[in-house]
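Every chain is numbered from 1 and lettered A, B, ... according to where its sequence line falls, protein lines coming before strand lines.
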2 protein chains.
Amino acid sequence: MLTIGKLAQDTGVKVPTIRYYEQIGLLPEPGRSAGNQRLYGQGQLERLRFIRHARDLGFPLEAIRDLLSLSDRPDQPCAAADGIARAQLDAVRARIRRLKALEGELERMVAQCAHGTIRDCRVIEVLGDHALCAQDHPAAAG
Amino acid sequence: MLTIGKLAQDTGVKVPTIRYYEQIGLLPEPGRSAGNQRLYGQGQLERLRFIRHARDLGFPLEAIRDLLSLSDRPDQPCAAADGIARAQLDAVRARIRRLKALEGELERMVAQCAHGTIRDCRVIEVLGDHALCAQDHPAAAG
DNA sequence: CCTAATCTCTCTAGTAACTATAGCTTCAAG
DNA sequence: CTTGAAGCTATAGTTACTAGAGAGATTAGG
């Protein structure tokens, strides 16, 4: 049996975050010691590792909730899990595309800076007028 | 003089967002009509366009606050503005790097899915065991 | 066995950047 | 003059945590 601190160490998830996951129902309530401290077993450890890894891959908690409930039903077809992963992949790709457009615009902006005064600053000028942008970059959105 | 709705139309910033910007002091409090409705002039319009554009480029509001106060001092050197833009560029590049690593891992995960049952699902399996990852991908963080 | 240091407990509030809702007032058009 | 859109304030919700207060539990050393 692991205390919450040990569980945190073993998974790399911080103690308050573990309690938060319990609070939102992502982790089941664990047993308690005589002194009311949480005690975790192997199953909880693995579940938390799963959560941690999915978070590292950028899955939102709601997607992880779905993935966890899927993983509890081994006989079901895995199409749903596959769909969630594909959706996440699409989201990641979309973000990369957007960020690359921003990168280009920021590069241009910074490259044109003549290091003079604010009055002649391209950074400020471009920010004030979107028409000065090379392409019609999209919004950043995350 | 523009009403808040017209200002929203002209800038692409939603009405509640404009009020929010006022609340946090990013936009000065505008004058009011006899009936207590906000009325904006050209200066406010340009200021909001500036904010909108910077947000689209992913600058956090605090950075925008700094940029705005810089743009009010045309005689100052533009090194500070340049620095803020460079920092944003660095942040964007870092996020692209991280996301590319995630993209690779998610691609691998999805490609290996045999479309069978959850029991044999690579998606679930890989999420449960970070050691199955190709590289040591970093955390997503945004 | 006692004490000090470290953990853990609950609860509340704060973060970024909005978005949504409720219940009201004002304005513009017909 | 009436009706519907737009505006007002204030509060709470979103995502995924993080920080803090103040109290109780546990463990290591003496």
Give a yes/no answer on whether the side chain of B/K14 brings an N or O atom under 4.0 Å of OP1 or OP2 in C/dT19.
yes

Strand contacts (DNA chain C) in residues 82-93 of chain A, 4.0 angstrom heavy-atom criterion
none

Within the distance-only criterion (no hydrogens, no angle test), does the side chain of B/Q88 pair as donor or acceptor with the backbone N or O of B/L57 below 3.5 angstrom?
yes

In whole angstroms, the gap separating P of C/dG14 from CD1 of B/I24 amounts to 16 Å

Please set out all donor-acceptor pairs under 3.5 angstrom arising from side-chain atoms of residues 61-70 of chain A, sequence neighbours excluded.
from	atom 1	to	atom 2	distance (Å)
A/E62	OE1	A/R65	NE	3.3
A/E62	OE2	A/R65	NE	3.1
A/E62	OE2	A/R65	NH2	3.4
A/R65	NH1	A/I24	O	3.1
A/R65	NH2	A/I24	O	3.0
A/S69	OG	A/D66	O	3.1

Given 3.5 Å as the limit, does a donor-acceptor pair link the side chain of B/R95 with the main chain of A/L99, or not?
no

Determine: side-chain N/O of A/Y21 to OP1/OP2 of D/dC17, distance under 4.0 Å, yes or no.
yes

A/T17 vs D/dA16: side-chain N/O to OP1/OP2 distance below 4.0 Å:
no

Of the nucleotides C/dA17, D/dT18, D/dT26, which has the atom closest to the A/S33 side chain?
D/dT26

Expressed as a whole number of angstroms, how long is the span from B/I51:CD1 to C/dA17:C1'?
13 Å

Roughly, in whole Å, what's the span from CG in A/L27 to C1' in D/dC17?
14 Å

When the distance from CG of A/L2 to P of C/dT8 is rounded to whole Å, what number comes out?
11 Å

Here the distance between atom P of D/dA16 and atom CG of A/L26, to the nearest Å, is 10 Å

Could you walk me through whether A/L89 and B/M109 pass the side-chain contact (heavy atoms from CB on, under 4.5 Å) test, one step at a time?
CA-CA 10 Å; A/L89 179 54; B/M109 201 157 139; over 6 Å; no

With sequence neighbours excluded, tell me which residues meet side chain to side chain contact (heavy atoms under 4.5 Å, CB included) with B/C78.
A/C113, A/I118, A/C121

Hey, does the side chain of A/R122 reach the backbone of A/R108 with a donor-acceptor pair shorter than 3.5 angstrom?
no

Count I, L, V, M, F, W, Y as connected when their side-chain heavy atoms are under 4.5 Å apart, and connections chain through other members. Are A/V110 and A/L127 then in the same cluster?
no

Rounded distance (nearest 0.5 Å) linking atom CZ of B/R38 with atom CD of B/E22
4.5 Å

Could you go through the salt bridge (Lys or Arg N to Asp or Glu O under 4.0 Å) check for A/K100 and A/E103 one step at a time?
CA-CA 5 Å; A/K100 290 215 145 200; A/E103 182 188 22; 5.1 Å; no

Output all residues satisfying side chain to side chain contact (heavy atoms under 4.5 Å, CB included) with A/T17, sequence neighbours left out; order by chain, then residue number.
A/V13, A/K14, A/Y21

Give the cluster check for B/I51 versus B/V15: same hydrophobic cluster or not, with ILVMFWY residues linked at side-chain heavy-atom distances below 4.5 Å.
yes

Would you tabulate the pairs of protein nitrogen or oxygen atoms and nucleotide nitrogen or oxygen atoms of nucleotides 28-30 of chain C closer than 3.5 angstrom?
none

Over how many whole Å does the gap from B/R55 atom CZ to C/dA16 atom C1' extend?
8 Å

For nucleotides 6-13 of chain D, read 5' to 3', which letter fits each nucleotide if B means a protein heavy atom sits under 4.0 Å from the base, S means only the sugar-phosphate is that close, and - means neither?
-SSB----

Phosphate contact (C/dA16 OP1 or OP2) by B/Y20 side-chain N/O below 4.0 Å:
no

